[in-house]
Amino acid sequence: MNNDSNIFILSMPRTGSSVLANLVQSAGYDTQISSDSLFLQASEFNPDGYFEETGFTLLNDQLIRCQYGSDKSFLHTPHPSSERTNIKLTEVNPDFFYDINEDSLSIPFGFKQDLLSFTGHSWDPWGLTRMTYGEKWYRCYHKFGCDTGKKIKRKIFEYSSTFNSSTGLVVKDPRLALTFEAFNIRDPKIIILRRESEECLKSLRNHYGNKLFTNNLIPGESYCSNHFNYKIQPQKFGDYEKFYEIFFRRATLTPGASVLEICFSDIVNKGPRLNELEDFIDGKVDITRIRI
């Protein structure tokens, strides 16, 4: 493998990006962005892991909030301009602040007593119970150094420097499509991953709640889902897909970008498109890692 570049996977959530990252890693690429990287743990949704560095995902959360509004996230896509407008460090409000604490955390009434009716599962995939005082995600943005605008600027600079000075990384986060321009990556190799709409929608609802992409709000609340305290507002799934596509296109306009577009079905069917993937990353993937 000639890993003289980094691979950036851009996708909507629940499109199989963890499987793809696993394959790219099997070809010799590293998910370890920094020496102290921590990763999202495996779950029943992704038993082999998510291949997402926690600090990077939290930074992207914050960048979306401070650029597009506190109600926006990778699960409630902002409406992008059709024209390319780079996100710049100078546009990050230094006075921005957000963290998960007693003031911001919103747990629907009866949530802990009836997880099944809210999430469709007997456990808490939304993570709300792990955000209360003393739990893992309490004040998580402070813990990872991105709770204020000043810290966000510093973190963007640190990741940008790493991406432009290192090689052999595979970087994956469904939020990244919405923030890609902020990192000013030189000559990036981008893989855009898609999944059939009905399959993707089914998986999204299974993971984040069956009210997602409907107008059915949680009783007594203004949102239809509250994964990771995003307080997700109603949005048409067609708009969600369309807005992501615009962000994909904007990322591909990055000077010097090389782009491969691939579908989840190409991966799980182990078809000839896998050869194109290997050519693109200049490495041999281990197809035994494709476990669906």
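Residue indices begin at 1 and follow the sequence shown. In what follows, every heavy atom counts, from backbone to side chain, and hydrogens, waters and symmetry copies are set aside.
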Using atom types as modelled and distance alone, determine if a side-chain donor or acceptor of [X] lies under 3.5 Å from a backbone N or O of [Y].
X	Y	answer
S17	S11	no
E261	I191	no
E196	E198	yes
N206	K202	no

Next on the checklist: Is the terminal nitrogen or CZ of K189 (NZ for Lys, CZ for Arg) located under 6.0 angstrom from the six-membered ring centre of F8 and within 45° of that ring's axis?
Outcome noted: no
hydrophobic_cluster_shared for [Y] and [X], side chain cutoff 4.5 Å:
X	Y	result
I287	V24	yes
W126	F109	no
L38	L59	yes
M131	F97	no
L260	V268	yes

Angle between ring planes, [X] versus [Y], binned at 30° and 60°: parallel, tilted or perpendicular?
X	Y	result
H207	Y50	tilted
F237	F213	perpendicular
Y244	Y240	perpendicular

Pair [X], [Y]: side-chain N/O donor-acceptor within cut-off below 3.5 Å:
X	Y	value
T179	N60	yes
R289	N22	yes
K172	S18	yes
T129	D124	yes
Y223	S106	yes

Note, [X] side chain near [Y] side chain (heavy atom, < 4.5 Å):
X	Y	answer
I156	V92	yes
T162	Y159	no
I107	N229	no

Checklist entry - Would you call E245 and R249 a salt bridge, using N to O less than 4.0 angstrom? => result yes
Next on the checklist: Counting the benzene-type ring for Trp, do W123 and F45 have ring centres under 6.0 Å apart?
Outcome noted: yes
Next on the checklist: With a 6.0 Å cut-off on the ring centroids, do H79 and F243 count as close?
Outcome noted: yes
Item to check | Minimum heavy-atom distance between N215 and P234, given as atom pair plus value | outcome: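 Between these two residues, the closest heavy atoms are OD1-CB, 3.4 Å.
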Item to check | Which atom of F180 lies closest to which atom of A251, heavy atoms considered | outcome: CD2-CB, 3.8 Å
Checklist entry - Checking side-chain contact (heavy atoms from CB on, under 4.5 Å) against Y208, which of P13, P125, C224 comes through? => result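 So the option named by the test is P13.
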Item to check | From CA spacing to verdict: salt bridge (charged side-chain N to carboxylate O under 4.0 Å, His left out), R130, E135 | outcome: CA-CA 5 Å; R130 300 187 293 280; E135 295 297 327; over 6 Å; no
Next on the checklist: Using salt bridge (charged side-chain N to carboxylate O under 4.0 Å, His left out), reason through E241 and R195 one step at a time and then give a plain yes or no.
Outcome noted: CA-CA 11 Å; E241 286 187 303; R195 187 176 186 179; over 6 Å; no
Atom pairs and distances, side-chain donor-acceptor, residues 141-148, under 3.5 Å, sequence neighbours left out:
residue, atom, partner, partner atom, Å
Y141, OH, D61, OD2, 3.1
Y141, OH, R65, NH1, 3.1
K143, NZ, K136, O, 3.3
K143, NZ, Y138, O, 3.0
D147, OD1, K151, NZ, 3.0
T148, OG1, K151, N, 3.2

Next on the checklist: Please determine whether salt bridge (charged side-chain N to carboxylate O under 4.0 Å, His left out) holds for the pair E276 and R273, giving the CA-CA distance in whole Å, both sets of side-chain angles, and the decisive distance to 0.1 Å.
Outcome noted: CA-CA 5 Å; E276 294 182 42; R273 293 299 309 281; 3.0 Å; yes
Next on the checklist: Within this structure, what is the CD1-CG distance for the pair I7 and D30, rounded to the nearest 0.5 Å?
Outcome noted: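 So the gap between those two atoms works out to 13.0 Å.
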Next on the checklist: Restricting to side-chain contact (heavy atoms from CB on, under 4.5 Å), what partner residues turn up for P78, sequence neighbours left out?
Outcome noted: Y68, K72, L178, F247
